[in-house]
Amino acid sequence: MAAPTGRLTPADPTAADPTAAARSARGARRFLVAIAAVAALGGALFGYDTGVISGALPFMEDHFGLTSLGEGVITSALLIGAAFGSLLGGRMSDALGRRNSLLWAGAVFLGGALAVALSPGVAAMTVARFVLGLAVGSASVITPLYLSEIAPPHIRGRLVSFNSLMIVSGQLLAYLINAVLAQWGAWRWMLGLAALPAVALFAGLFFLPDTPRWYISKGRRDEAAGVLGRTLPAGDVPGELARIDRARSLEDDARRGAWQQLRTPWVRRLLLVGIGLAAVQQITGVNAVVYFAPKILASTGLGTGDSITATIAVGVISVAATAVGMSLIDRVGRRPMLLAGLAGMTVSLALLGAAFRLPHSTAVSALVLGLMVLYMAFMQATLNTGVWLLLAEMFPLQVRGLAMGAAVFVMWLVNFGVALAFPLLLDAVGAGTTFWCFGVMCVLSLVFCHRHAPETKGLALEDLEHELRKAGHASGN
């Protein structure tokens, strides 16, 4: 599976030819659009496979005779697979390359989607969901890595953030398909349709190269220059190759000292804060809504079909709120966004818990849906956007890969725990008390973020590391 290559030219032939320069710019834009479109399918599959279970579960409950524990096990099997897939994805992308690793993930997406759709029983479904989770977890690491390494510096932030938008867009697509197929109870089709974008991802990647950084790491400098020549003016290619060389040298030195750096008190403290932020993103209840929204709405007396259709509102607000959060985060700052979002989520969950104490009616169902949408708006615009960005920014270079991997692994494990426990909590204490419990978690998370979450707005990563080190020493750490 050889990637497209090119040769480094000694001079920029477009410098004195405006027409050639315009053609080169258009070619670079088309190339980057193709990369974004294909790679973003990894994010969309991530979102689809995590969101589609919400519409399939009510029908699977009848078909398999699922208990609440069975619902939790089938839902969370994908998440425990994703936890281990996230660890596997980073190592695999270094060994095989970013593109080839995404090809592997696309093949597992395809096989996993078909296996889930055809599973004859609970045990087979659980295993198939676990395998599908390996692809989800791998894609959650490899897709942003591929995009960040192949994009020119001036659009890197937007291109990587586009992946986050595609995840919630994939969830919205799942809700829309669920609503259509629920009319016929076609839950196997809901699950199996994930195979179509998996085929598109797998096929599209055959026409794309790997990243310049990975090519250089393997000594394939001409191929790296060829890729850079498709995204940058030819005159900028030598400088970018030199910059990648320098960055890789620094990272190699940093990797060798990573474990030693973790013995430093202020670095250990940052790692614990990062793990805490990853846990905060999950214990405040977002994925209970993503995975179980129809079940929640059905508990207010709404029918199965109407509950699945109403869930579309959750997907729409998630996409819109993520876009708003992306536009505000650099202007408002990370800490203010986290604190404001957690305050709004606390109020939303308190009201949501109270709404479940009202007698069942269509008006109460509409009120519950409205409060769920309000909660998701606060969450997706602030906490979801802010936590991922902080985890990418807050760790010093020496431990950045190690610390980020540990935090994401914990995030998936907590996600697994919430998905497994939520149906049991609904049966044990009811929806109202369950959402009040999430509200308490929001209050505790607000206190944690107020005390420990760093502010990274407007600082270069090198300056940020200096500030965090100084703050750690000042606090006696």
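A donor-acceptor pair under 3.5 Å links the side-chain atoms of R335 to the main chain of C449, judged by distance alone. Under a 3.5 Å cut-off, the side chain of R188 and the backbone N or O of S119 do form a donor-acceptor pair. The backbone N or O of L96 lies less than 3.5 Å from a partner atom in the side chain of N100, making a donor-acceptor pair. A side-chain donor-acceptor contact under 3.5 Å links R129 to the backbone of T75. Of the possible polar contacts, one joining the S138 side chain to the G85 backbone as a donor-acceptor pair under 3.5 Å is found. Panel note: side chain Y175, backbone V290; a donor-acceptor pair is recorded below 3.5 Å. Remark: the backbone N or O of P454 is not paired with any side-chain donor or acceptor of R334 at under 3.5 angstrom. With hydrogens and angles ignored, the 3.5 Å screen pairs a side-chain donor or acceptor of D210 with a backbone N or O of R98. T50 places a side-chain N or O within donor-acceptor distance of the main-chain N or O of G47, the cut-off being under 3.5 Å. Between the side chain of Q183 and the main chain of V180, a donor-acceptor pair closer than 3.5 Å is present.
In this structure, CG on L241 lies 5.0 Å from CD1 on I216, to the nearest 0.5 angstrom. Separation of atoms CG (L196) and CG (L201) is listed at 12.5 Å; rounding is to 0.5 Å. Rounding to the nearest 0.5 Å places OH of Y48 at 11.5 Å from CG of L172. Separation of atoms CE (M345) and CE (M441) is listed at 12.0 Å; rounding is to 0.5 Å. The OG1 atom of T322 sits 9.0 Å away from the CD1 atom of I167 when rounded to the nearest 0.5 Å. In this structure, L390 CG and Q281 CD are separated by 11.0 Å, a value rounded to the nearest 0.5 Å.
Considering only heavy atoms from C-beta on, Q380 stays 4.5 Å or farther from T385 through its side chain. Within the 4.5 Å cutoff, the side chain of V52 has no heavy atoms near those of the I177 side chain. Looking only at side-chain heavy atoms (C-beta outward), Y146 and L102 come within less than 4.5 Å of each other. Contact of the T284 side chain with the L383 side chain is registered, since non-hydrogen atoms from C-beta on lie closer than 4.5 Å. Residues S54 and F292 form no side-chain contact, since every pair of their non-hydrogen atoms from C-beta on lies 4.5 Å or further apart. Annotation: side chain of I53 is not in contact with side chain of M190 (no heavy-atom distance under 4.5 Å). The shortest distance between side-chain heavy atoms of S76 and Y291 does not fall below 4.5 Å. When side chains are defined from C-beta on, F202 does not count as touching L41, because their heavy atoms never get closer than 4.5 Å.
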Given salt bridge (charged side-chain N to carboxylate O under 4.0 Å, His left out), test E223 with K218 step by step and report yes or no. CA-CA 10 Å; E223 288 167 284; K218 301 301 179 184; over 6 Å; no
Mind running side chain to side chain contact (heavy atoms under 4.5 Å, CB included) on L69 and L424 for me, showing each step along the way? CA-CA 6 Å; L69 178 61; L424 300 174; 4.0 Å; yes
Check step by step if side chain to side chain contact (heavy atoms under 4.5 Å, CB included) holds for V319 and M166. CA-CA 8 Å; V319 173; M166 288 305 296; over 6 Å; no
CA sep, side-chain torsions, deciding dist, call: V73, L66, side chain to side chain contact (heavy atoms under 4.5 Å, CB included): CA-CA 10 Å; V73 167; L66 291 178; over 6 Å; no
Give the C-alpha distance, both sets of side-chain angles, the deciding distance and a yes or no for side chain to side chain contact (heavy atoms under 4.5 Å, CB included) between W104 and I142. CA-CA 11 Å; W104 177 90; I142 302 167; 5.9 Å; no
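Residues meeting the ring-ring contact (aromatic ring centres under 6.0 Å, His included) test with W187, sequence neighbours left out: H63, F64. When the ring-ring contact (aromatic ring centres under 6.0 Å, His included) test is applied to Y375, no partner is found at least two apart in sequence or on another chain.
A distance of 6.0 Å or more separates the ring centres of W189 and F59.
Across all non-hydrogen atoms, the minimal contact from L391 to A278 is CD1-CB, 4.5 Å. Shortest non-hydrogen contact noted between F109 and A198 is CB-CB, 3.7 Å. Looking at every heavy atom in both residues, T311 comes nearest to P294 through OG1-CG, 3.5 Å. Closest heavy-atom contact between G55 and I308: O-CD1, 3.6 Å. The two atoms that bring N178 and G51 nearest to each other are ND2-O, 4.0 Å, heavy atoms only. Between A419 and P423, the shortest heavy-atom contact is O-CD, 3.3 Å.
Aromatic ring orientation, H452 versus F448: tilted (interplanar angle from 30° to 60°). Relative orientation of the F438 and F422 rings is parallel, given thresholds of 30° and 60° on the angle between their planes.
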